[in-house]
Amino acid sequence: MRRDQERWTVEIEEAVLGHNAGFAQQNREQFERIGLLAVNIVSSPGSGKTALLERTLTDLQDRQRIGVIVGDLQTDNDAQRLRGKSAPVVQITTGGYCHLEAQMVARAAEKLPLDELDLLFIENVGNLVCPASYDLGERVRVVLLSVTEGEDKPLKYPVIFQGAHIALVTKMDLAEAVGLDAEALRRNIRQVAPQARLLELSARTGVGMDAWYAYLEAARVSAPSHP
Ligand code: MG
Ligand code: ZN
């Protein structure tokens, strides 16, 4: 890339992120004002974001009032899966756009009864790169990594882990089948993201889910500091 092109690219990026930051701040203020815990869920495609939400909505439905915003490139399959639960679900179809931005969340949130909710889950587009750069106004950012993805993922995509408050290792029921080196995976996450809480769970069997619920409960009461 030529030098002037490079500078132009940087300026565009800064303008886009600055625009996003303004909307993120508005979202954050709105969520905080009404005491709503907003959780931004990021991971690569297929790490189990929707499965985590399905289980969480079922298990917490009597304890928390939950709303969901689901971002997807093309389909509303995930939203359909979640609509079987009692929580209101709003779909954002990004039309190929590879991450959610704060303004999209603001628009989607207008369709939810925010005042009546305790918890808002935002399922981001499956992508380990640019969602790291876009604050949505959430209080908690959670990154998922399934045991099928390889122990070195955190080393390859450190930024998304560095921006997370909590890392969930998912699909632990498959750990033995895929020959997971759990110690190496933990070490790699801790190396790139020492600030993040680390939990291991399986939405299918329910193992480890209680610790996730306890984390959410605690985060509602006292905000974790942003990394
Ligand atoms: Mg999904
Ligand atoms: Zn993107």
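As the structure lists them, so they are numbered: ligands from 1, and atoms in each ligand from 1. Quick note: residue numbers are just sequence positions, from 1.
Judged by distance alone, the side chain of T205 and the main-chain N or O of V207 form a donor-acceptor pair under 3.5 Å. No side-chain donor-acceptor contact under 3.5 Å links R141 to the backbone of V42. Put simply, the side chain of E54 never gets that close to the backbone of L82: no donor and acceptor are under 3.5 Å apart. Not one N or O on the side chain of D118 forms a donor-acceptor pair closer than 3.5 Å with the backbone of L36.
Between E151 and R187 there is no salt bridge, since no side-chain N of the basic residue sits under 4.0 Å from a carboxylate O of the acidic one. Of the charged side-chain nitrogens involved, at least one lies within less than 4.0 Å of a carboxylate oxygen, so that R186 and E183 count as a salt-bridged pair.
For the Mg ion (ligand 1), the neighbouring protein N/O/S atoms at less than 2.8 Å, given as residue and atom, are T50 OG1, D78 OD2, E123 OE2. Protein contacts to the Zn ion (ligand 2) involving N, O or S atoms at a distance below 2.8 Å are C98 SG, H99 ND1, C130 SG.
Taking the six-membered ring for Trp and thresholds of 30 and 60 degrees, Y97 and H99 have ring planes inclined between 30 and 60 degrees apart.
Note: Q64 CD to L117 CG = 10.5 Å, rounded to the nearest 0.5 Å.
In the model, T93 has no side-chain atom that pairs as donor or acceptor with a side-chain atom of D72 under 3.5 Å.
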